[in-house]
Amino acid sequence: MKKDGKSMISKAMGHVSFVIRKCLFFILSMGPVPAHIAFIMDGNRRYAKRRGLQQDSTDPNSGHQVGFKSLISNLQYCYEMGVKYMTVYAFSIDNFRRDPHEVQALMELMKVKIDELLTEGGLLKKFDVRINFWGNLELLTDPVRVAAKKAMDMTVHNKGPVLSVCVAYTSTNEIMHAIEALVREKREKVQIRVCDLERNLFTAGCVEPDIIIRTSGETRLSNFLLWQSNFTHLQNPNPLWPEFSLRHFVWAVLKYQKVHGYLKKLNGETDKNK
Amino acid sequence: MKNDHHRKERDATLFHAISAYQRTTIANELACIFSRYFYSVNGSYKILISPSKMIEASVIASPILGILYYLLHAIVCLAHIWSYLIYQIQCLIISSGLLPKYQNLKLDRLQHLAVVIDSEEAKNKSKVHQLLLWLSDVGVKYVILYDIEGVMKKSNKAFQKSTATQSDTKCLDFDLNVPSIFDVFGMTVEVISYTDGKEAVAKAANYLFSKFSTNQEGTLDGLEPKFTEPDISSALKAVGHDGPEPDLLLVYGPARCHLGFPAWRMRYTEIVHMGRLSSMKFSAIVKVFYDFSKKHQNYGK
């Protein structure tokens, strides 16, 4: 009886928070809604260290487990608000320099979470999401690479929002691969142009990000979407990634709406001058 | 009881059919959600909202949503005013010299500084000149000045004339499509624009293509090009677009945005928004440099 009562209360609370979110998003949609938001999910390990008293601090994935929950929540907020594209920086090529034990644990966690996303009740099915994995996938372990390719194949025809996960990715590596691809395909001396390079980037076909949010207050982009972020509003809120909640998300969109006019005007002027 | 259940199911089906039809307007969806919510919690469903009622709801709801939207933005403005006041107080305290930690800045880690300026604001040459003086006073040795339209590149010659009486300068003749480098106030200043970003990478790609084609002449076809990131850096140098990676990048403009600064050169650059150039402060620069000196980077580890 008590369990039924508790589940009814939590269900009711879920409905209440859903309605509050919807109301908030309706209000926000009176202004410009970003089409593409990118996240640098920084702060998982620091979060785990700070909570080290309550959690098993020898488990390298404890922070990342909580970080994954935050990813799902923010995915949901994006899609409920009508953001078409969401990109997350999950694993950089530089992260391979971490302790091998931690890297192996992260690879295993990635595989588990990719499979979880594809389940019947998972977020990808719920919102009809198409998933992309951007990066040098050959650097990943075989199980993760196979799971990533399977996820992309299964969702390639989905018509809903697009989630792009950057794994084994850096911007400079992406540019280098684009140049390699162009040199490979060009057999006669034709001038390579900027648009040719953009056609060969991982992000080809995707709109440029309107906002890049790096949590934990850090101010650098760490080799993430450097080419695509010419007119992107860069934000660095102080909360760590597992602490990044609905109110931080709403605040980020409000700050973007303040500068949207300026950035769009600049973008239009640069296109005219090309 | 069975009839009640069937009636509820029928009403819910009819309701959802109409809800889907009316989903094009925001306020109608709001009405749908509230109605669905009441149905699921109360377990009974008495009112079926007709399309005409929904249209009436949208006429009332849209102005309310608009008011709430502007109210939210008023809160954002108030928060910005508050942060701005705190920032001004901090700058006042720093410029008063009361805090010794801001007096002796350690700039060992700051080898190269970049400054991105909104092109409209970059037309204010006296402000740019003042900024360079302040950076020189603090002890910066290498500055990369960037604006997207190349306003500073174009006005470089006029700027050099204005500084020639104050110090010895030497300048190189410059093409608008390559960086312009000169020495002033004891610093090396590199002036770049949008053409030194993506277009430079395209030039480097063409250079690598011609080099690859030359190397493959007379050999078996089918050899795959394999480049490394140092190869790209060398190619950028060969086409005249190399340059150091700045450790810190200051943005002067209405928004925190790098405005097309060369992607190849800001992998791990700390990016700080300084506000508009017209309201720049020396103490703000000191504060940023102090905060930078306390930064620690893992570089992915």
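By convention in this document, chain letters (A, B, ...) are assigned in the order of the sequence lines, proteins followed by strands, and residues within each chain are numbered from 1.
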Does atom [atom1] of [X] have more than 12 heavy-atom neighbours from other groups under 6.0 Å away?
| X | atom1 | answer |
| --- | --- | --- |
| B:K295 | NZ | yes |
| B:E120 | CD | no |
| A:R21 | CZ | yes |

Taking all heavy atoms of [X] and all of [Y], pick out the closest pair and write down the distance.
| X | Y | value |
| --- | --- | --- |
| B:I75 | A:W251 | O-CH2, 4.2 Å |
| B:Y69 | A:L28 | CE1-O, 4.0 Å |
| A:T172 | B:W264 | O-CZ3, 3.5 Å |

Side chain, backbone, both or neither: which part of [X] has a non-hydrogen atom closer than 4.5 Å to chain A?
| X | result |
| --- | --- |
| B:I232 | side chain |
| B:H80 | side chain |
| B:K226 | both |

Measure the spacing between [atom1] of [X] and [atom2] of [Y] and express it to the nearest 0.5 Å.
| X | Y | atom1 | atom2 | result |
| --- | --- | --- | --- | --- |
| A:M30 | B:L72 | CE | CG | 11.5 Å |
| A:L266 | B:D118 | CG | CG | 6.0 Å |
| B:D247 | A:R220 | CG | CZ | 12.0 Å |
| A:T219 | B:L248 | OG1 | CG | 7.5 Å |
| B:L208 | A:M176 | CG | CE | 11.0 Å |
| B:R256 | A:T232 | CZ | OG1 | 11.5 Å |

Measure distances from [X] to the heavy atoms of chain B and classify the residue's part below 4.5 Å as side chain, backbone, both or neither.
| X | answer |
| --- | --- |
| A:K258 | both |
| A:Q228 | neither |
| A:I212 | neither |
| A:D99 | neither |

When heavy-atom pairs shorter than 4.5 Å are enumerated against chain B, which of [options] gives the highest number?
| options | value |
| --- | --- |
| A:N236, A:V250, A:D196 | A:N236 |
| A:I93, A:V259, A:L254 | A:L254 |
| A:N173, A:L234, A:I179 | A:L234 |
| A:A181, A:S222, A:S229 | A:S229 |

Candidate pair B:H258 and A:N230, rule side chain to side chain contact (heavy atoms under 4.5 Å, CB included), full reasoning: CA-CA 6 Å; B:H258 64 71; A:N230 281 4; 3.7 Å; yes

Side chain A:Q191, main chain B:N206, donor-acceptor under 3.5 Å: no

At a heavy-atom distance under 4.5 Å, which candidate from B:C77, B:P254, B:A205, B:A202 has the highest pair count against chain A? B:P254

Count the heavy-atom pairs under 4.5 Å between each of B:V201, B:V272, B:D231 and chain A, then report the option with the highest count. B:V201

Counting C-beta onward and ignoring hydrogens, is there a side-chain heavy-atom pair between A:L197 and B:K198 closer than 4.5 Å? no

